[in-house]
Amino acid sequence: TFEFFVFGPYSFIEKTTEGNLNVAFNYYLANFYDGGLFSHRFAGGQDVYTLLFGKQYFNLDGILFSVFPTWIAVLFHKIYIAGLGLIGSYLLARRMAPGSRIVAVAVAAVFPVSHIYLVNFSTNWSPGFSALPLAVYLCVARSRDRHYYLGVLLAAAVLAPADPIHVFPALLVTVVGAAILFAGVDLRRVAAGFAILVLFSILNWHEVIYAFYLNIGLTSRGGGGTGILEAASIGASNLFRMLWIPGSLYLLAVLVFVLGKDRFAYRAVAALVWPYVAFVVAKTFPWEILGLAFLKNLSHYYMLLSVTTLFVPVAARALDALGAERRGTFGFGLRPEVVVLAAALSVLTWYKLLNLGTFVWFGGQSAFFGYENLKDPAWKPAEDFRVVTPFETPNANIVAGFYGLDTFDGQLNINHAAWEDYWFAIVRRDPGHVLTARIGVKWKDWNGKAYAIDKQVRLDLLGIANVRFLLSALPLTGRGLKLVWAPGPGERALARPAWFANMARFLEFRLRRIFDPGELYIYELPRVLPRVFAAEGVEVVDDTLATSALYERIAAVRSEERRVGKECRSRWSPYH
């Protein structure tokens with residue numbers, strides 16, 4: 001956890017992924033949330049129960065953020081995530097290979113670094129996927145122990161804060177896979193234990209789950225079925241791309257069993273094939289015939305993360321079989337468990353170097369509190385307004401969660417389909433915008449002095465949506481834009497290596513940004529509609545009119561009003 005405390009409040013956070021999601025949302029809940037059902041802070045007004053995870057009854061990360069400064073809350077989160085993974089995988093490995101502690105230590109050391117979600121990118125899942133080995137140990141490996149249900153209750157308490165929609169499908173697949181691997185499992189107890197885990201999760205999350213159920217049909221997530229061949233190729237790609245560390249050890253372990261003529265090879269192969277089959281079935285099953293069509297909209301590839309846990313008992317048994325008393329050592333006098341431990345340390349070193357590069361290139365937690373001109377009220381009008389942050393410096397969720405500004409480009413867990421379609425129109429229906437709310441840099445629109453933002457986005461549609469300010473890391477040009485704040489000398493937040501005499505000067509700039517993120521250009525848009533306004537008239541359109549054409553009609557009406565000199569603002573409702 002070194003990089004998460006090395007500079008105190010200026011320490012590392014993977015800002016491009018996790019720093020803008022639950023970290024921002026938990027801070028918002030602890031400092032800004034007024035207790036209402038809806039939030040206008042993120043993306044223009046969404047049900048706060050479906051914004052991001054954080055509205056469950058027992059939210060350990062939420063407690064940390066309400067008690068400690070952000071960097072300490074993040075650090076404590078990382079410590080308990082790593083601890084859960086290490087302890088759970090150690091116990092699971094010891095259960096399969098009770099004769100050697102060093103084998104269990106070696107395999108357990110691999111687990112926390114076997115996937116980015118387990119430590120590096122973990123704040124979105126609370127205890128999440130790191131709790132899977134402990135849950136499997138308590139609910140499957142101990143199924144015939146005397147005090148089995150006490151262990152299940154412990155697992156239920158640990159997993160209750162975990163994101164149920166992503167974690168529990170993976171947990172189900174992992175529990176079944178572990179039941180295949182461990183001999184003599186009491187399946188009735190395992191089923192009852194898993195039901196208890198589900199019950200505790202529902203008790204903690206039932207309002208959020210119900211909100212998701214009500215909203216999923218209105219959102220843009222997923223939709224439609226997937227063919228078997230397509231699902232199979234997607235599953236294979238994810239297995240090899242995301243899970244190469246545990247997958248490689250798993251396959252090497254199977255090879256050990258085959259060469260040693262160990263019949264456990266059949267169990268190991270079946271347990272490895274099972275998550276893949278479960279994923280393909282989940283992707284292709286006609287859920288609508290059961291009235292569960294919304295399940296098509298979920299990201300089923302999380303099931304494949306079961307491999308990060310299932311490799312633990314398989315690798316432990318293989319290492320035990322290769323013990324010095326049976327097969328001697330590898331070349332250079334190394335025992336196989338020492339090789340695995342060295343591999344774990346190598347991957348850990350890689351992650352540290354990766355985090356260092358990310359830290360220097362993107363900055364860290366200073367983005368949460370360091371943009372002084374976002375805290376300065378001098379440029380803020382009294383009436384309600386929304387903002388958009390091009391180029392994700394900082395991400396819009398940070399702007400909303402930490403600086404208290406209402407955004408229209410927040411990144412949510414499930415976006416409302418109409419809102420996202422409007423965003424797609426704002427970015428000129430550019431198919432390159434996979435996540436439509438993100439306005440990324442397109443350097444073809446940069447002339448060396450300013451960025452032509454109106455070539456990339458529709459400023460008129462932003463104004464109609466009550467977006468009054470653009471918070472930009474680059475100077476902008478665009479029709480009607482008014483500069484209301486410019487960074488001081490040397491305070492620019494974003495720069496390219498080519499803008500410096502050499503790479504050393506650029507790295508010096510980036511190192512300064514770790515402790516001071518700089519300042520943003522703030523531009524005011526012309527002709528912005530208020531948050532709520534009274535209708536001036538009725539425009540009739542045909543029901544078959546395409547959505548894109550509808551937005552063009554809306555923009556055209558606004559343009560015509562301006563052309564004939566109507567002063568509608570004086571007649572708009574003052575209510576917000």
Side-chain angles (χ1 to χ4, degrees), residues 84 87-98 104 107 111 127 129-160 162 164-203 246 250 253-254 257 262-282 285 287 290 292 295 300 302-318 320:
L84 275 176
I87 292 169
S89 51
Y90 174 82
L91 293 172
L92 194 58
R94 284 281 285 169
R95 196 72 173 199
M96 181 61 79
V107 176
F111 175 81
F129 302 102
S130 287
L132 295 188
L134 182 63
V136 168
Y137 168 74
L138 294 172
C139 294
V140 180
R142 294 180 63 258
S143 64
R144 293 193 178 276
D145 286 17
R146 181 179 178 183
H147 300 295
Y148 171 74
Y149 286 104
L150 289 177
V152 169
L153 291 176
L154 174 60
V158 171
L159 276 167
I165 295 176
H166 297 98
V167 173
F168 267 73
L171 176 61
L172 172 61
V173 173
T174 309
V175 165
V176 174
I180 295 172
L181 291 173
F182 283 90
V185 171
D186 187 331
L187 295 179
R188 289 177 297 181
R189 273 190 162 188
V190 170
F194 184 78
I196 291 172
L197 300 186
V198 172
L199 175 63
F200 269 65
S201 180
I202 290 174
L203 290 174
Y250 201 119
V254 170
F257 302 140
D262 187 339
R263 294 183 62 84
F264 186 75
Y266 295 107
R267 288 178 177 268
V269 171
L272 180 61
V273 171
W274 151 244
Y276 183 76
V277 172
F279 168 79
V280 173
V281 170
F285 187 80
W287 295 104
L290 301 178
L292 301 173
L295 291 179
H300 297 292
Y302 291 100
M303 291 180 174
L304 300 175
L305 292 181
S306 59
V307 176
T308 61
T309 297
L310 294 177
F311 93 92
V312 171
V314 174
R317 178 163 177 141
D320 196 45

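- Applying the salt bridge (charged side-chain N to carboxylate O under 4.0 Å, His left out) rule to pairs touching residues 262-276 yields D262-R317, sequence neighbours excluded.
- Applying the salt bridge (Lys or Arg N to Asp or Glu O under 4.0 Å) rule to D145 yields the partners R95, R142; only residues at least two apart in sequence or on another chain are considered.
- Put simply, the side chain of L310 reaches to within 4.5 Å of the side chain of T174, judged on heavy atoms.
- Not a single salt bridge (Lys or Arg N to Asp or Glu O under 4.0 Å) links R189 to another residue, sequence neighbours left out.
- Residues meeting the side-chain contact (heavy atoms from CB on, under 4.5 Å) test with L187, sequence neighbours left out: A179, V185.
- Contact check for L181 versus F264: side-chain heavy atoms found under the 4.5 Å cut-off.
- Each of L305, L171, L84 was checked for a side-chain contact (heavy atoms from CB on, under 4.5 Å) with L132, and the lone residue meeting it is L171.
- Here the closest non-hydrogen pair linking L159 and A135 is CD1-CB, 3.5 Å.
- Using a 4.5 Å cut-off on side-chain heavy atoms (C-beta onward), F111 and T308 make contact.
- Partners of S130 by side-chain contact (heavy atoms from CB on, under 4.5 Å), not counting sequence neighbours, listed by chain and number: I81, L118.
- Legend: residues meeting side-chain contact (heavy atoms from CB on, under 4.5 Å) with L199, ordered by chain and number and at least two apart, are L203.
- A heavy-atom distance below 4.5 Å is found between the side chains of F182 and L92.
- Here A253 pairs with F257, V314, A318 under the side-chain contact (heavy atoms from CB on, under 4.5 Å) rule; sequence neighbours left out.
- Residues D186 and V190 fail the side-chain proximity criterion, which asks for heavy atoms closer than 4.5 Å.
- Judged as a ring pair (Phe, Tyr, Trp, His ring centres under 6.0 Å), and not counting sequence neighbours, F200 has no contacts.
- Shown here are the ring pair (Phe, Tyr, Trp, His ring centres under 6.0 Å) partners of Y148, two or more places apart in sequence or in another chain: there are none.
- Side-chain contact between M303 and P169: present, with at least one pair of heavy atoms (C-beta onward) separated by less than 4.5 Å.
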